[in-house]
*Asks:* 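The following block contains the structure, expressed as structure tokens.
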Amino acid sequence: MSDPLAGLYQELILEHAKRREGEGALEPFDGERFLRNPTCGDEIRLRVRLDGDAIDALGWEGQGCSISQASASVLAELAPGLTIADVRSRIEALRELLRSRGAVEPDEAVLGDAVAFAGVARFPMRVKCAMLAWVALEEALTELGR
Amino acid sequence: MSDPLAGLYQELILEHAKRREGEGALEPFDGERFLRNPTCGDEIRLRVRLDGDAIDALGWEGQGCSISQASASVLAELAPGLTIADVRSRIEALRELLRSRGAVEPDEAVLGDAVAFAGVARFPMRVKCAMLAWVALEEALTELGR
Amino acid sequence: MTIGTQPALTEERIQQLRGDFPILAEQPVGVPLVYLDSGATSQQPRQVLEAEWAFRTRHNAAVHRGAHTLASLATDDYESARDRVARFVGARPTEISWAMNATDALNTVALSLAEANRAADVDPALALREGDEILVTEAEHHANLLPWQRLADETGARLRWVEVDDDGVWTADAALALITERTRVVAVAHVSNVTGLIAPLEPIVAAAHAVGALVVLDACQSVPHRRVDLGALGVDAAAFSGHKMLGPGGIGVLYLAERLGAALPPARVGGSMITTVTMTEREFLPAPQRFEAGTQPVSAIVGLAAAVDYLEGVGMAAIEAHEVALGERLAAGAVAIEGVRLVGPPPGVERAGLASVVVDGVHAHDVGQVLDAAGIAARVGHHCAQPLHRRLGVAATTRASTYLHTTEAEVDRFLDVLSTVRGYFGAGRA
Amino acid sequence: MTIGTQPALTEERIQQLRGDFPILAEQPVGVPLVYLDSGATSQQPRQVLEAEWAFRTRHNAAVHRGAHTLASLATDDYESARDRVARFVGARPTEISWAMNATDALNTVALSLAEANRAADVDPALALREGDEILVTEAEHHANLLPWQRLADETGARLRWVEVDDDGVWTADAALALITERTRVVAVAHVSNVTGLIAPLEPIVAAAHAVGALVVLDACQSVPHRRVDLGALGVDAAAFSGHKMLGPGGIGVLYLAERLGAALPPARVGGSMITTVTMTEREFLPAPQRFEAGTQPVSAIVGLAAAVDYLEGVGMAAIEAHEVALGERLAAGAVAIEGVRLVGPPPGVERAGLASVVVDGVHAHDVGQVLDAAGIAARVGHHCAQPLHRRLGVAATTRASTYLHTTEAEVDRFLDVLSTVRGYFGAGRA
Ligand SMILES: Cc1ncc(COP(=O)(O)O)c(C=O)c1O
Ligand SMILES: Cc1ncc(COP(=O)(O)O)c(C=O)c1O
């Protein structure tokens with residue numbers, strides 16, 4: 001395979017796309033958000049359960065490309081146990097990384113497995129795929145007033 | 001004045017534009033036609049009275065540029081006394097001359113003073129002005145079934 | 001070898017034509033570009049660019065307005081372009097008016113019918129009432145579906161559709177069964193942009209006209225790729241886009257057969273399409289000017305006429321033969337790959353020069369990415385045909401679409417890379 | 001000398017800029033071209049042509065659709081152009097969508113309001129009912145009159161208009177007297193294309209908003225020639241055309257303030273503006289995509305952004321100062337000629353860089369012909385403003401309109417030739 005693709009589809013991503021961490025309808029839940037990427041038809045329905053100021057659990061159902069599915073899986077692994085404020089700042093960090101076109105260095109301490117999405121920054125058409133689950137969580141929290 | 005203009009505004013045209021032969025509301029009349037050139041707002045209301053197979057008289061009212069006014073005047077001078085068939089063929093001759101972009105030589109025997117419009121053929125935007133009264137007569141005759 | 005009066009598109013001839021398309025020498029990902037997305041938008045030969053450059057630097061002015069010489073030169077270019085485009089599709093010049101794109105042209109027909117329907121003295125030929133029907137197919141592009149949905153909603157008419165089978169194919173019989181005395185409009189794509197299916201127009205036009213219905217043709221994927229004689233087909237209206245036929249963007253063509261153009265009110269109103277305007281009243285010019293409100297995209301129209309000249313120079317019969325062969329090669333090649341599902345007519349049945357496929361277990365977006373990395377520009381998504389994709393049971397497909405400059409080697413390269421996709425994503429492994 | 005941060009348009013600077021406009025070196029009638037018809041359509045600098053050439057030969061592809069690299073490059077160019085055009089007029093990028101021309105943009109607003117009005121649950125802010133009023137002026141271009149006439153006819157609202165005086169001038173007071181609780185829409189030209197009058201917008205916007213009416217601005221003659229900040233003006237919608245601002249034809253700009261863009265349904269429907277489509281239902285994307293059905297004129301949009309860059313490079317303040325001075329020179333020069341009547345504000349009152357005149361006893365078409373023979377391209381006719389001309393008591397006027405490349409010498413040449421017209425036709429002689 002040629003170089004650019006390897007940057008995009010890192011092993012970790014392909015692996016998460018198969019593992020689908022957190023897939024399933026979470027019950028009970030506090031917030032829910034359905035998002036759709038009209039360009040390619042990616043869809044996600046994401047549910048979040050809170051525990052005070054922290055994320056207790058995430059669950060998602062959806063279909064889409066490997067990037068969007070992997071990204072949901074990574075998020076579902078990363079978020080539980082973190083405070084809402086912390087999760088929000090990590091969502092922002094991923095957004096900044098993906099929009100940087102390669103100018104920003106990913107920080108594994110902040111992003112966890114999501115550092116693997118650094119390569120997406122060079123593929124502007126895929127940024128929405130990688131952000132889909134994360135934006136869904138962000139909007140679910142906002143709807144909850146958190 | 002520069003050359004091209006002299007070709008367009010021949011003395012005969014400027015003279016007819018002032019003389020306005022046939023101007024006025026003809027009474028009684030057999031056919032009438034109102035035409036408008038939307039590009040420049042030229043208007044003409046032309047009436048025709050027939051005498052058997054021949055044109056008995058023409059009358060017109062209108063406003064417009066010197067070309068359109070002169071052309072109405074020339075027609076009003078030329079047509080009376082001619083047969084309908086003859087007038088129609090002369091209208092066609094003027095049309096052919098004006099659309100020729102200079103390729104057709106005008107025939108004074110057919111067109112009378114309208115030979116002066118030969119220069120209009122080089123000004124495509126003015127062809128409609130020069131044809132206005134003539135088309136009005138043609139359409140008035142057609143409406144009369146003649 | 002010649003096809004019609006033009007040389008066939010042999011490998012040699014194609015290589016020669018490719019020299020006219022500057023973009024084909026670009027390497028956006030660092031390897032030679034294989035452009036298989038002409039169905040979305042086509043690339044422009046130098047001749048089109050040069051025609052526009054000449055117009056803009058020598059004759060540019062407002063047309064049909066001023067009396068000055070520049071305006072006269074621009075008007076000549078403009079009307080000459082209309083004549084050439086009209087001749088290209090077997091239309092009279094007065095049957096051709098301009099739009100922003102084909103979508104705009106199709107909207108114009110539907111909006112104009114809605115406007116006609118609101119008139120106090122509705123022309124019975126144009127009237128749409130509750131109980132009337134508008135017929136489309138399940139495979140339509142959104143551009144030839146949404147305007148009719150809305151017209152149906154507004155008038156109370158019912159939208160009906162010809163269903164497709166599991167491959168996305170529909171038949172003349174299915175269409176004819178739905179054309180009844182209630183049918184007022186039949187709107188259909190000449191060639192499907194997803195399946196490559198060529199619509200069985202002849203019986204449909206006959207049946208529609210027998211019940212007094214209008215036939216509106218979405219000719220976006222036909223006019224660029226094969227000889228289409230709209231007059232001979234007998235459709236009432238048709239739409240296509242310059243940017244899909246080697247021409248510039250920003251120019252769509254609306255064909256309205258003389259009888260319809262004379263009856264239809266305009267969708268857009270404004271300057272250059274009127275005879276008399278007062279503060280409360282307006283009277284319109286006859287077609288085509290009636291449908292050309294405001295300053296038209298004259299440079300793009302000049303470019304489109306240059307594209308038409310170019311296509312005629314190459315020969316539409318030669319282009320069609322070449323692309324039909326490439327379509328067959330794509331279809332046959334796709335079904336030969338394990339885990340790849342072909343949409344549309346099977347190999348051996350005529351299709352246009354395009355093919356859409358589904359790769360088992362791999363999302364189309366990922367397929368497109370693997371192709372792109374190999375320099376292959378193909379299109380992934382629902383191709384503005386969501387109902388069709390829903391019926392096929394997939395969110396998205398991957399489409400390769402050809403044009404006169406496409407080589408067999410490019411098609412083979414596409415098929416080659418396509419065959420590696422499942423392995424790459426580990427699909428098919430247990 | 002500088003104006004704002006840019007050098008003033010001195011004779012020397014203008015000569016330098018003229019070098020960018022290839023067409024200004026043409027001689028369509030064999031003498032140097034004096035182009036005084038920028039108000040109808042402007043000429044394009046090489047920079048605009050080159051930007052489009054580069055786009056079409058290097059990045060051309062369908063935007064916002066494919067996943068391939070070419071499509072990504074095209075999308076970047078497209079959105080960057082939107083950003084630049086938005087910034088140029090003080091708008092957010094999401095407030096800018098594309099149209100075929102300004103006429104199309106104005107029709108879109110009126111058609112969308114009609115569509116909103118047909119909805120089951122009409123947004124009260126957009127509702128138009130019998131007894132409601134739409135306000136325009138008697139001086140409007142047909143593009144900003146006919147769509148409102150039709151909207152009034154369809155909704156039962158009443159069209160009212162601000163009357164003009166014998167010179168074609170109207171006042172803020174006259175407008176304010178007509179803005180009442182019944183007013184739902186005020187549609188007005190920022191700068192008149194016939195009189196050069198600059199509309200007193202501030203009090204009108206305030207009064208309209210105080211009664212909850214929308215303000216729609218026809219910015220065709222303002223945005224190209226002076227700095228316009230649509231956000232600061234507070235209008236709800238605005239329209240202008242690329243071809244009048246050094247850009248290509250085939251691209252109009254529709255500005256919809258965020259609150260209106262969020263509420264308005266689309267006029268055109270089709271691909272690329274939807275989220276979900278079934279055979280009977282459709283859901284639309286938010287603005288601006290909602291208003292961009294089908295393939296957009298991407299090359300023209302890229303060209304328009306290059307035009308905007310060029311205008312900003314020259315400096316809008318410098319352009320405005322130059323053209324206001326030329327407008328004054330035209331007006332003062334015209335009234336000094338015996339038998340010539342000036343339309344619009346008298347000399348000494350600010351006007352845009354254009355002037356329309358009537359030559360006693362000579363039809364405008366004949367005036368234009370004499371000018372043309374001298375190489376002067378001016379516009380004759382009703383300039384798509386028949387009601388205004390009817391009020392002025394003339395069928396047609398002769399208009400000279402300037403741009404940044406117009407010199408004082410060109411204006412003087414126009415005035416010189418104008419002063420010979422009556423003599424030529426023997427008008428004024430007894
Ligand atoms: C004031 C005004 N409004 C509207 C228009 C219409 O613009 P367009 O023809 O580009 O649609 C024009 C130009 O003709 C104009 O000057
Ligand atoms: C079949 C079909 N119809 C309509 C369209 C719409 O064309 P445009 O985007 O040029 O308006 C397309 C192309 O996208 C198409 O393929």
Side-chain angles (χ1 to χ4, degrees), chain C residues 22-23 26 28-29 37 40-41 43-44 49 53 56-58 60-62 65-70 73 100-101 103-104 107 141-143 146-147 149-150 161 241 243 248-250 268-271 274 277-279 282 293-295 297-300 365 368-369 372 377 379-381 384 386-387, chain D residues 22-23 26 28-29 37 40-41 43-44 49 53 56-58 60-62 65-70 73 100-101 103-104 107 141-143 146-147 149-150 161 241 243 248-250 268-271 274 277-279 282 293-295 297-300 365 368-369 372 377 379-381 384 386-387:
Chain C
I23 207 168
E26 290 289 310
V29 298
D37 201 15
T41 209
Q43 299 301 345
Q44 297 160 41
L49 294 161
W53 188 286
R56 297 201 205 175
T57 57
R58 304 197 45 219
N60 185 48
R65 292 190 173 187
H68 58 75
T69 300
L70 215 51
L73 293 169
M100 185 178 187
N101 49 31
T103 303
D104 180 36
N107 273 272
H141 189 283
H142 295 159
L146 274 65
Q149 288 183 346
R150 192 165 64 175
W161 54 91
S241 272
H243 71 91
R268 266 194 291 271
V269 291
I274 54 88
V277 172
T278 69
M279 286 311 289
R282 54 207 174 274
T295 306
V298 185
S299 172
H365 225 133
Q369 203 75 56
D372 186 53
R379 174 115 182 261
V380 299
C384 300
Q386 282 188 7
Chain D
I23 208 168
E26 290 290 308
V29 297
D37 202 14
T41 209
Q43 298 301 344
Q44 297 160 40
L49 293 163
W53 188 287
R56 297 201 205 173
T57 57
R58 304 197 44 220
N60 185 49
R65 292 191 175 185
H68 59 75
T69 300
L70 215 52
L73 293 169
M100 185 178 187
N101 49 31
T103 303
D104 179 36
N107 274 273
H141 189 282
H142 296 159
L146 274 64
Q149 288 182 346
R150 193 166 61 176
W161 55 90
S241 273
H243 72 92
R268 265 193 291 270
V269 291
I274 55 88
V277 171
T278 68
M279 285 311 290
R282 55 209 172 271
T295 306
V298 185
S299 172
H365 226 134
Q369 202 74 57
D372 186 54
R379 173 116 182 261
V380 299
C384 300
Q386 283 189 6

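Sequence lines set the chain letters: A, B, ... in the order given, protein chains first and strands last, and positions in each chain run from 1.
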*Asks:* What residues form a salt bridge (charged side-chain N to carboxylate O under 4.0 Å, His left out) with D:R150, not counting sequence neighbours?
*Replies:*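 Once residues adjacent in sequence are excluded, D:R150 has no partner under the salt bridge (charged side-chain N to carboxylate O under 4.0 Å, His left out) criterion.
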*Asks:* Do you know which of D:E26, D:R282, D:Q369 has the most heavy-atom pairs with chain C at a distance under 4.5 angstrom?
*Replies:* D:R282
*Asks:* Looking at every heavy atom in both C:H142 and D:G271, which two are closest together, and how far apart are they?
*Replies:* CB-N, 3.9 Å
*Asks:* Once rounded to the nearest 0.5 Å, what's the spacing between atom CZ of C:R268 and atom CG of D:L146?
*Replies:* 14.0 Å
*Asks:* Look up atom CG in D:D37 and atom NE2 in C:H68, then write down how far apart they are to the nearest 0.5 Å.
*Replies:*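 That separation rounds to 3.5 Å.
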*Asks:* Of all of D:I274, D:T41, D:N107, which one pairs up most often with chain C through heavy atoms under 4.5 Å apart?
*Replies:*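 Of the candidates given, the most pairs with chain C belong to D:N107.
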*Asks:* Side chain, backbone, both or neither: which part of D:T69 has an atom under 4.5 Å from a heavy atom of chain C?
*Replies:*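 Both parts, backbone and side chain.
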*Asks:* May I ask you to name which of D:D372, D:V277, D:V298, D:L70 has the most heavy-atom pairs under 4.5 Å with chain C?
*Replies:*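 The option with the most such pairs is D:V277.
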*Asks:* Please rank C:A293, C:A61, C:P248 by heavy-atom pairs under 4.5 Å with chain D and give me the top one.
*Replies:* C:A293
*Asks:* Chain C: which of D:S241, D:P147, D:A40 shares the most heavy-atom pairs with it under 4.5 Å?
*Replies:*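 Greatest number of close heavy-atom pairs with chain C: D:P147.
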*Asks:* Against chain C, work out which of D:G368, D:G250, D:A377, D:P22 has the most heavy-atom pairs shorter than 4.5 Å and name it.
*Replies:* D:A377
*Asks:* Using a cut-off of under 4.5 Å for heavy-atom pairs, which of D:N101, D:I23, D:T103 has the most such pairs with chain C?
*Replies:*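 Option with the greatest count: D:I23.
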*Asks:* Please state whether the side chain, the backbone, both or neither of C:L49 comes within less than 4.5 Å of a heavy atom of chain D.
*Replies:*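 For C:L49, heavy atoms of backbone and side chain both lie under 4.5 Å from chain D.
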*Asks:* Need one label for C:Q149: side chain, backbone, both or neither, based on atoms under 4.5 Å from any heavy atom in chain D.
*Replies:*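 Both backbone and side chain.
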*Asks:* Let me know if C:T278 has heavy atoms under 4.5 Å from chain D in its side chain, its backbone, both or neither.
*Replies:* both
*Asks:* Sort out for me which of C:S299, C:G381, C:P28 touches chain D most, counting heavy-atom pairs under 4.5 Å.
*Replies:*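 The answer is C:P28.
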*Asks:* Which answer fits C:A300, side chain, backbone, both or neither, if we ask what part of it has an atom under 4.5 Å from a heavy atom of chain D?
*Replies:*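 For C:A300, there is no contact with chain D at all, as no heavy atom is under 4.5 Å.
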*Asks:* For D:M279 and C:P387, work out which heavy atoms get closest and say how close.
*Replies:*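 Reported closest heavy-atom pair: SD-CB, 3.5 Å.
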